[in-house]
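Residue indices begin at 1 and follow the sequence shown. Treat the numbers as computed from the prediction; the structure is a model and nothing was measured. In listed order, ligands and their atoms are each counted from 1.
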Amino acid sequence: MGLTFSVVTTPADRVAAELLAVPIAKTRILGPGADAVDAALDGGLAAFLEETDFEGNLGETLAVPTSGKLRAKAAVLVGVGEIDKLTVDDLRRAAAAVARRATRAVSVATTLVSVAPDLPRADAAQAVAEGMVMGAYQFLEYKRDGKPTKLSKVSVISDGGAEVRAALARGSVIADAVVWARDIVNQPAQAKPPAEMAAEARRLLRGRGVTVQVLDVPQLRQQKLGGVLGVGQGSHQTPRFLKLTYTPAGTSGKALAFVGKGVVFDSGGLSLKTGAGMETMKCDMSGAAAVIGAMSALRELGVKTRVTGYVPLVENMPSGTAIRPGDVLRIHNGKTVEVLNTDAEGRLILADALSLASEDKSAAVIDLATLTGACVVALGEKIAGLMGNDDGWTSQVQAAADRAGERVWPLPLPTDYRKGIDSAVADMKNIGPREGGALTAGIFLQEFVEGVPWAHLDIAGPAFLSGDDGYHPKGGTGFGVRTLLELARTFEPPTSSDVKPAKSVKSAKSAKSTNGARRRTRR
Ligand code: BES
Ligand code: MN
Ligand code: ZN
């Protein structure tokens with residue numbers, strides 16, 4: 001379990017590892033260490049490659065015979081694509097290809113970090129570590145005949161010394177957090193009801209500098225978290241709310257707030273999804289997984305900013321106690337919502353969380369949510385939608401995501417679209433027109449953000465993939481963990497003059513009952 005990394009300066013032909021992995025650029029340009037493989041073939045590598053269709057495209061791999069002339073038992077070539085266009089993310093992908101190819105070797109040595117001398121060496125080393133760990137990932141818990149990878153040791157051949165060692169450590173801590181998030185996303189919903197998710201978070205975060213506060217149903221009532229209670233009331237698995245706090249020594253000032261949607265299963269509720277529509281809905285807690293996973297790595301990464309996590313956890317089920325279309329919920333900040341579609345549940349629980357994060361006077365807020373199918377239609381499966389109320393803050397998020405290698409793209413929150421969620425009976429309804437559904441959801445969330453810079457990532461596409469893609473396997477990806485950690489590592493409190501206010505609603509703050517117009521009868 002887990003990979004350990006070390007830095008060695010041993011030449012490629014004498015490095016002690018089962019497998020030597022050497023980069024080749026397009027078209028068949030030999031990278032560092034390839035000379036050792038060539039020598040093992042008595043100068044015949046180029047001729048050997050001529051006989052194959054291996055060109056050095058990014059992620060291609062090819063095992064080559066070494067006739068026992070290297071200290072490593074075997075050698076594998078890994079394509080890195082066009083050398084003058086090589087990016088840090090290409091290194092992640094190449095490293096992942098090596099890890100996937102090396103499942104029967106315990107140890108692998110590689111020169112990959114040095115393939116592109118123009119890239120900052122620390123960035124390259126961090127990316128190689130991330131790619132190796134993410135590429136080696138498997139989810140085999142329920143497979144009787146699964147073949148777990150044997151890979152456990154990676155030697156990075158580099159003269160970068162301490163700088164490279166630190167970057168490898170950073171990459172491996174970050175990728176371990178990604179792996180935790182993938183694991184819990186891939187778990188079936190039966191294994192992760194809200195109470196169990198809370199217990200898992202406690203186990204993960206113990207000893208990692210994060211305090212965990214779990215609100216149960218009586219406390220949710222006390223805190224007037226009407227969105228969480230309302231969505232959660234249809235399931236026997238009662239809702240929870242996690243508040244996670246990371247306070248590094250010697251810091252004061254406002255915290256950076258992470259908010260994650262935690263719907264452990266989304267059946268749609270009484271506005272029931274189709275059978276096919278539910279097949280992947282165990283993934284609807286991917287935002288929560290990203291927040292919890294990221295928070296587990298803050299201390300090890302030496303993050304100097306205070307970070308608070310807000311994680312609503314519910315199961316959205318149809319039953320005799322479920323919320324009905326037409327019911328009205330009262331969110332923590334006092335605003336009321338007419339629930340016309342119980343399948344638009346994510347925004348209801350996020351409303352409470354965003355309202356709490358605002359009330360706590362966070363320095364800036366970012367939420368991650370598998371929120372809308374419409375966002376997947378707009379941007380496809382691989383790109384998350386980025387919205388927000390503050391251009392400086394959304395640019396910071398975009399830049400962090402770019403550096404982390406997670407693809408996000410801006411979408412607007414047009415103020416004149418607000419009328420699309422006007423309700424005849426409450427302050428707003430929870431659905432708008434079909435068109436622009438990702439924007440409507442963002443506009444809805446904005447109603448619960450008060451006076452803080454806020455960014456929203458709709459991760460409905462990239463959180464859970466229908467097939468392998470680079471260093472991501474089919475299924476849960478852990479999307480968002482790397483962006484959150486990069487954000488926390490480089491956080492600059494936005495100068496919040498930019499914050500665009502949501503439309504004010506007169507009746508807000510005059511809250512009387514927790515949930516709906518009258519007290520509910522159960523729980
Ligand atoms: N969890 C879904 C969104 C989703 C869809 C995530 C596909 C991942 C993949 C969300 O709760 C939902 O059901 N949204 C509805 C909103 C609609 C009723 C306004 C949707 O997108 O259809
Ligand atoms: Mn839904
Ligand atoms: Zn959902």
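A cation-pi arrangement is absent between Arg182 and Phe139, since the terminal nitrogen or guanidinium carbon is not both under 6.0 Å from the aromatic centre and inside a 45° cone about the axis.
Protein atoms of type N, O or S found under 2.8 Å from the Zn ion (ligand 3) total 4.
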Atom pairs and distances, side-chain donor-acceptor, residues 204-220, under 3.5 Å, sequence neighbours left out:
residue	atom	partner	partner atom	Å
Arg208	NE	Leu204	O	2.9
Asp216	OD1	Gln219	N	3.4
Gln219	OE1	Asp216	N	2.9

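Taking the N/O/S atoms of Asp266 in turn, the shortest distance to the Mn ion (ligand 2) belongs to OD2. When you scan the N, O or S atoms of Glu345 for the one nearest the Mn ion (ligand 2), you land on OE1.
When only modelled atom types and interatomic distance are considered, Ser466 and Glu381 share a side-chain donor-acceptor pair under 3.5 Å. No donor-acceptor contact under 3.5 angstrom links the side chains of Asp352 and Ser355, judged on distance only. Side chain to side chain, Asp123 and Gln126 fail the donor-acceptor criterion of an N or O pair below 3.5 Å.
Between His456 and Trp454, the ring-plane angle classifies as parallel under the 30° and 60° cut-offs.
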Anything under 3.5 Å between an N or O on ligand 1 and a protein N or O? List each pair with its distance, or write none.
residue	atom	partner	partner atom	Å
ligand 1	1 (N)	Lys261	NZ	3.3
ligand 1	1 (N)	Asp266	OD2	3.2
ligand 1	1 (N)	Asp284	OD1	2.9
ligand 1	1 (N)	Asp284	OD2	3.0
ligand 1	1 (N)	Thr370	O	3.3
ligand 1	11 (O)	Lys261	NZ	3.2
ligand 1	11 (O)	Asp266	OD2	2.9
ligand 1	11 (O)	Asp343	O	3.1
ligand 1	11 (O)	Glu345	OE1	2.8
ligand 1	11 (O)	Glu345	OE2	2.9
ligand 1	13 (O)	Lys273	NZ	2.8
ligand 1	13 (O)	Asp343	O	3.0
ligand 1	13 (O)	Asp343	OD1	2.8
ligand 1	13 (O)	Asp343	OD2	3.2
ligand 1	14 (N)	Leu371	O	3.4
ligand 1	21 (O)	Gly373	N	2.7

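Crowding of Lys273 atom NZ: a count of heavy atoms from other residues, nucleotides or ligands under 6.0 Å exceeding 12. Within 6.0 Å of CZ in Arg203 there are more than 12 heavy atoms belonging to other residues, nucleotides or ligands.
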Item to complete: Carefully, step by step, assess Leu411 and Leu386 under the rule side-chain contact (heavy atoms from CB on, under 4.5 Å).
Response: CA-CA 6 Å; Leu411 295 175; Leu386 169 62; over 6 Å; no
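Every ring-ring contact (aromatic ring centres under 6.0 Å, His included) that Phe491 has, sequence neighbours left out, goes to Trp393.
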